[in-house]
Amino acid sequence: TTQDWSVPHFEKMLEDHAGLVEALAATGLGRVLDDATRYLDGVLRDPETGLYAGSQDADERYYELDGAGRANLEPPFVDRRVYASWNCALASAYLQADLRMGRPRLREHAAQVLEVLFKRFYEPATGMAHTDGVRGQLGDQAWALLAATRAAAAGIGPAWLDTARSLAEHLQAEYADAELGGYFDTAAKEELGRLRERLKPLPENSVAALALHELSALSGDPSAPYAARARAALESVASLPRQYGTMAAVFARAADRLLRPPLKVTTTDRALAAEALAAHPYAVIEIGGDSRAVVCAGTLCLAPVDRPQLLREAIAQATHA
């Protein structure tokens with residue numbers, strides 16, 4: 001809650017934990033990852049639906065105590081309202097955690113989240129809702145697109161790639177700036193109270209760019225417009241990072257990713273999948289084919305390999321071709 005980070009934000013937000021889980025997975029901090037997901041699955045997760053609550057209230061005194069000291073106190077209130085964007089962000093992070101660190105339970109939870117969430121909140125004609133009774137917000141479309149793309153890559157269902165493509169087209173039709181590129185924060189047909197002035201937010205455009213870049217790599221179709229749309233989204237907000245400070249990190253990540261050619265590695269071997277991510281942090285891992293790994297950059301696909309060293313060499317060749 002302060003610029004020098006000396007005072008924590010005691011309210012536990014699902015949004016923050018989604019980013020935390022992905023960061024822990026990317027940096028290999030397995031013990032901390034397991035601690036974080038144990039809290040999420042034990043406190044914020046609804047065991048009946050598999051969806052995650054938005055937050056747990058702030059209580060400085062409670063959080064300062066150790067486990068024994070908390071035992072006799074009532075835990076802070078959990079706000080059970082479900083937010084689509086935050087659940088999609090967590091599902092995306094859980095899928096990445098499984099790929100990088102071998103956490104099949106997290107993959108199962110992600111699959112349940114997305115199945116229930118899309119049935120409850122998603123309509124092809126109107127996109128992803130924000131929560132019950134509220135639609136038309138960019139963040140929900142961007143995170144839903146990323147989640148659907150990663151679900152397709154993870155092989156958790158045959159319909160996810162079509163869903164991702166549908167979301168990408170809805171995003172373009174209802175949120176895009178046709179003249180200057182990038183995406184507005186609200187849909188063209190929605191009037192959300194006082195949110196009548198349509199703006200282009202940096203974080204949501206950055207997430208949209210990440211999602212479109214991954215969809216471009218996964219589809220492998222050079223005629224698909226996803227990569228161009230990703231670039232346009234980042235260019236449209238490129239003047240904003242100084243205003244956001246550390247909150248511009250997602251823009252930096254998206255820009256870094258966009259500078260690298262889209263890369264896809266297809267395999268059913270989890271060890272080779274993890275090796276591919278170690279060699280190329282932005283590789284899109286498609287769980288499919290057989291136990292060998294096939295490396296593709298755009299329309300260029302190399303011969304299958306079955307050993308880590310050969311995989312690293314194939315990735316180096318594909319990214320420098």
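Position 1 is the first residue of the sequence, and the numbers go up from there.
The backbone N or O of Lys200 sits nowhere less than 3.5 Å from a side-chain atom of Asp185 that would complete a donor-acceptor pair. The main-chain N or O of Leu65 is found under 3.5 Å from a side-chain atom of Arg70 such that the two form a donor-acceptor pair. Distance alone, capped at 3.5 Å, is enough to place a donor-acceptor pair between the Asn87 side chain and the Tyr52 backbone. Listed for the Thr131 side chain is a donor-acceptor partner under 3.5 Å among the backbone atoms of Val82. Judged purely by atom type and a 3.5 angstrom limit, Thr268 uses its side chain to pair as donor or acceptor with the backbone of Asp290. His17 contributes no side-chain N or O that, together with a main-chain N or O of Leu20, makes up a donor-acceptor pair within less than 3.5 Å. Checking side-chain atoms of Thr149 against main-chain N and O of Leu215 turns up no donor-acceptor pair under 3.5 Å. Put simply, the side chain of Asp98 gets close to the backbone of Arg103: a donor and an acceptor are under 3.5 Å apart.
Seen from the ring of Tyr39, Lys12 counts as a face-on cation partner, given the 6.0 Å and 45° thresholds.
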Query - Candidate pair Glu22 and Arg100, rule salt bridge (Lys or Arg N to Asp or Glu O under 4.0 Å), full reasoning - result: CA-CA 10 Å; Glu22 183 143 354; Arg100 293 179 181 276; over 6 Å; no
Report task. Start with the C-alpha distance between Arg260 and Asp256, add both sets of side-chain angles, then the distance that settles salt bridge (Lys or Arg N to Asp or Glu O under 4.0 Å), and finish with yes or no. Result -> CA-CA 7 Å; Arg260 304 167 189 259; Asp256 184 44; 3.4 Å; yes
Requested in this report: Go through Tyr83 and Asp140 one step at a time and tell me if the side-chain hydrogen bond (donor to acceptor under 3.5 Å, both in side chains) criterion holds.
Outcome: CA-CA 8 Å; Tyr83 297 98; Asp140 303 296; over 6 Å; no
Report task. Give the intermediate values and the outcome of side chain to side chain contact (heavy atoms under 4.5 Å, CB included) for residues Glu286 and Val265. Result -> CA-CA 6 Å; Glu286 180 182 44; Val265 177; over 6 Å; no
Requested in this report: Could you walk me through whether Arg270 and Leu99 pass side chain to side chain contact (heavy atoms under 4.5 Å, CB included), step by step?
Outcome: CA-CA 7 Å; Arg270 296 283 173 159; Leu99 281 174; 4.0 Å; yes
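With sequence neighbours excluded, the residues that form a side chain to side chain contact (heavy atoms under 4.5 Å, CB included) with Ala230 are Ala209, Leu212, Leu258. Partners of Ala111 by side chain to side chain contact (heavy atoms under 4.5 Å, CB included), not counting sequence neighbours, listed by chain and number: Ile156.
In this structure, a donor-acceptor pair under 3.5 Å is present between the side chains of Gln309 and Glu313. A side-chain N or O of Ser223 and one of Asp221 form a donor-acceptor pair less than 3.5 Å apart. Side-chain N/O atoms of Ser92 and Arg150 include no donor and acceptor closer than 3.5 Å. Checked by atom type, the side-chain pair Gln112/Arg45 shows a donor-acceptor distance below 3.5 Å.
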Quiz: residues 159-166 side-chain donor-acceptor pairs under 3.5 angstrom, not counting sequence neighbours:
residue : atom : partner : partner atom : Å
Thr163  : OG1  : Ala159  : O            : 3.1
Ser166  : OG   : Tyr122  : OH           : 3.2

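Of all the heavy atoms in Gln56 and Glu11, the pair that sits closest is O-CG, 3.3 Å. The nearest pair of heavy atoms linking Asp59 to Phe10 is N-CB, 4.4 Å.
By the rule that hydrophobic residues join a cluster once side-chain heavy atoms approach within less than 4.5 Å of another member, Tyr226 and Tyr175 end up as members of one cluster.
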